[in-house]
2 protein chains.
Amino acid sequence: MAGRADTSKTAESSDKVSVICRALRRAIIEQALEPGAKLPEDSLGERFGVSRTIARHALGQLAAEGLVELRRNRIAVVATPSWQEARDAFDIRIELERLVVRQLAGKLTKPQIAELTAHVDAEDRARDGTDAVSIRLATEFHILLAHMTNSPILVRYVSEVAYRCCLTLSLYSRPHSSECAINEHRAIIAALVKGDVDKVMGLMHSHLDSVATRALVAPSPQRGRDLLDILAPYADEASGDRVVKLPKAARR
Amino acid sequence: MAGRADTSKTAESSDKVSVICRALRRAIIEQALEPGAKLPEDSLGERFGVSRTIARHALGQLAAEGLVELRRNRIAVVATPSWQEARDAFDIRIELERLVVRQLAGKLTKPQIAELTAHVDAEDRARDGTDAVSIRLATEFHILLAHMTNSPILVRYVSEVAYRCCLTLSLYSRPHSSECAINEHRAIIAALVKGDVDKVMGLMHSHLDSVATRALVAPSPQRGRDLLDILAPYADEASGDRVVKLPKAARR
DNA sequence: ACAGCCCGAACTGCATGCAATTCGGGCGAT
DNA sequence: ATCGCCCGAATTGCATGCAGTTCGGGCTGT
């Protein structure tokens, strides 16, 4: 009822493909796979005991979700969103999740409330564990909320954009100090139960916004890591003076 | 500048696959392919001059977008969203497009304004043409707006959800009386140029909302077309009295 | 040393082939 | 007649094979 099995109708063709997708998604949001990590089809196929065809199909799905970047004739890599894209993703996420809580306010059933509080408790318990797990749990809290709207489309979009945000956090955030404040999750649950629509929408907004602004620390001139962009301002003067050599270390 | 080529980084692996995707998307939103239409892999491959592998991959992508439904070991079909899903899609769309115009208000460049008005003029000119074309143009107007935000993610989501809405219109709408009022498009452009954020957000909201409510005419007891649901209320009394026969015509 | 070229290895793009499953029509039983 | 079963055709699920492209390291010339 409350938490559905999710394999229902959200694409995810057969089984093997979706298994790989799930595994990779999880690896990505737990930062076991960093942005830019290579994902050769054979390796994936070998690791998961399937042929390249299937691995390839899975990569296609993940690319459609924006988690993976596919370049023709080149090895697929974990997506490396630009800072601007990260900010855009958070903006979208804010709107979508406001919609979620708007639909949910005052409509939660007892078992749903129990499930949510149980999840937050789990988040609490995981505080001593690795960052990876707590990040995943924090994200899953939001996805759990989306599930409760019973709107598959909303679930899909919230999930996707939440994953993307996770991805960007691993790029642009500091050691993410317990990033998704657990107390804010509790506050959201409380406001949802109380049925105060405006309050809960405000809470969700500030919750996400604070995560975004705390994490996405300004266009940070250096962290941009895209060689071309970094060099752009110097390009004009390149003729006048010799630029520092970048023989090999600069690649990749 | 204004209207980008879009083949940039939004997944869409190589070429052949994305060609098929685009063709099918278009066929779907122009209602050449109705919801429920079968999409066998071989036929597609044959039609587009590729192997089943590629056709299959394309179907996977479209399924990820929610335009196609994939069932294990069964022929893929054009998605048939439930009425509730249609309503949900419109709700999401409203939020997303409000975000679009919020970002755009007062920020449009001259050439962008020209492009928009040119598009609306094209919509006007197409009024005598087939419904299919005018529906497509109306949808493309919204996607064009999204493009101008320069946010690939927003473009992707707005496009997807707009296509989905198109799909549902072909299911639940009446002959859609020039459904996406062209004048409302003009009004939106005007408000965007004027830079009145609240006004334009309101306009977009009511524009989409009116399309939604005018088209999605209530849960309409009959139009539901899912035999099982229709019969559900009668199931209890089935033992007492013979139900009208439904030998073969009832199927599909 | 250093840059540039070159060639083998690695990898992707795609088609094809085979096994498993579903579909659909005809045939026999009721 | 109608229902149910059964079997061939259609179709999917997946692996493999081959051709074309990219990658990366060593070699050569300067």
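Chain letters run A, B, ... following the sequence lines, proteins first, then strands; residues in each count from 1.
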Asker: Quickly work out the A/Arg56 CZ to C/dC14 P distance and round it to whole Å.
Answerer: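 Result: 7 Å.
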Asker: With rounding to the nearest 0.5 angstrom, report the CG to CZ distance, A/Leu24 to A/Arg47.
Answerer: 11.5 Å
Asker: Mind calculating the distance between NE2 (B/His57) and C1' (D/dG13) to the nearest angstrom?
Answerer: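 About 15 Å, once rounded to whole Å.
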Asker: Roughly how far, to the nearest 0.5 Å, is the CZ atom of A/Arg56 from the CG atom of A/Asp42?
Answerer: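 It is 11.0 Å, given to the nearest 0.5 Å.
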Asker: Do B/Ile29 and B/Leu167 touch side chain to side chain, with heavy atoms closer than 4.5 Å?
Answerer: no
Asker: What is the distance from CG of B/Leu59 to P of D/dT12, rounded to the nearest Å?
Answerer: 8 Å
Asker: Does D/dT21 have OP1 or OP2 under 4.0 Å away from a side-chain N or O of A/Arg74?
Answerer: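 Answer is no, no contact under 4.0 Å.
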Asker: Listed by chain and number, what are the side chain to side chain contact (heavy atoms under 4.5 Å, CB included) partners of B/Leu116, not counting sequence neighbours?
Answerer: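 For B/Leu116 the side chain to side chain contact (heavy atoms under 4.5 Å, CB included) partners, ignoring immediate neighbours, are B/Leu108, B/Phe141, B/Leu144, B/Leu145, B/Met148, B/Ile189.
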Asker: What is the distance, to the nearest angstrom, from the CZ atom on B/Arg71 to the P atom on D/dT12?
Answerer: 11 Å
Asker: Please write out the pairs of protein N or O atoms and N or O atoms of nucleotides 5-9 of chain C separated by less than 3.5 Å, giving the distance to one decimal.
Answerer:
none

Asker: Show me the protein contacts with nucleotides 19-21 of chain C, counting only N or O atoms at under 3.5 Å.
Answerer:
residue	atom	partner	partner atom	Å
C/dT21	O3'	B/Asn73	ND2	3.4

Asker: Could you tell me the separation between the OG1 atom of A/Thr168 and the OH atom of A/Tyr163, rounded to the nearest 0.5 Å?
Answerer: 14.5 Å
Asker: Restricting to side chain to side chain contact (heavy atoms under 4.5 Å, CB included), what partner residues turn up for A/Ala55, sequence neighbours left out?
Answerer: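 Side chain to side chain contact (heavy atoms under 4.5 Å, CB included) check on A/Ala55 returns A/Leu44.
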Asker: Holding to side chain to side chain contact (heavy atoms under 4.5 Å, CB included), I want the full list of residues that pass it with A/Ser43, two or more places apart in sequence or in another chain.
Answerer: A/Pro40
Asker: Identify all pairs in which a protein N or O lies below 3.5 Å from an N or O of nucleotides 15-17 of chain D, and state each distance.
Answerer:
residue	atom	partner	partner atom	Å
D/dA15	OP1	A/Ser51	N	3.2
D/dA15	OP2	A/Ser51	N	2.8
D/dA15	OP2	A/Ser51	OG	2.7
D/dA15	N7	A/Thr53	OG1	3.2
D/dT16	O4	A/Thr53	OG1	3.0
D/dG17	O6	A/Arg52	NH2	3.2

Asker: Are any of the side-chain heavy atoms of B/His142 and B/Leu208 separated by less than 4.5 Å?
Answerer: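 Yes - at least one pair of side-chain heavy atoms lies under 4.5 Å apart.
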Asker: Are A/Leu62 and A/Arg25 packed together at the side-chain level, in the sense that at least one heavy-atom pair is separated by less than 4.5 angstrom?
Answerer: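 They are in side-chain contact.
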Asker: Rounded to whole angstroms, how far apart are CD1 on A/Ile75 and P on D/dG20?
Answerer: 21 Å
Asker: Out of curiosity, B/His57 NE2 to B/Ser18 OG, how far, rounded to the nearest 0.5 Å?
Answerer: 10.0 Å
Asker: What is the distance, to the nearest angstrom, from the CZ atom on B/Arg72 to the C1' atom on C/dC23?
Answerer: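 Interatomic distance, CZ of B/Arg72 to C1' of C/dC23: 17 Å.
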Asker: How long is the line joining NZ of B/Lys38 and C1' of C/dC23, in whole Å?
Answerer: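 Going from NZ in B/Lys38 over to C1' in C/dC23 covers 8 Å.
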Asker: Between B/Glu140 and B/His119, is any side-chain donor less than 3.5 angstrom from a side-chain acceptor?
Answerer: no
Asker: For B/Leu44 and D/dA10, what is the distance between atoms CG and P respectively, to the nearest whole Å?
Answerer: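 Result: 17 Å.
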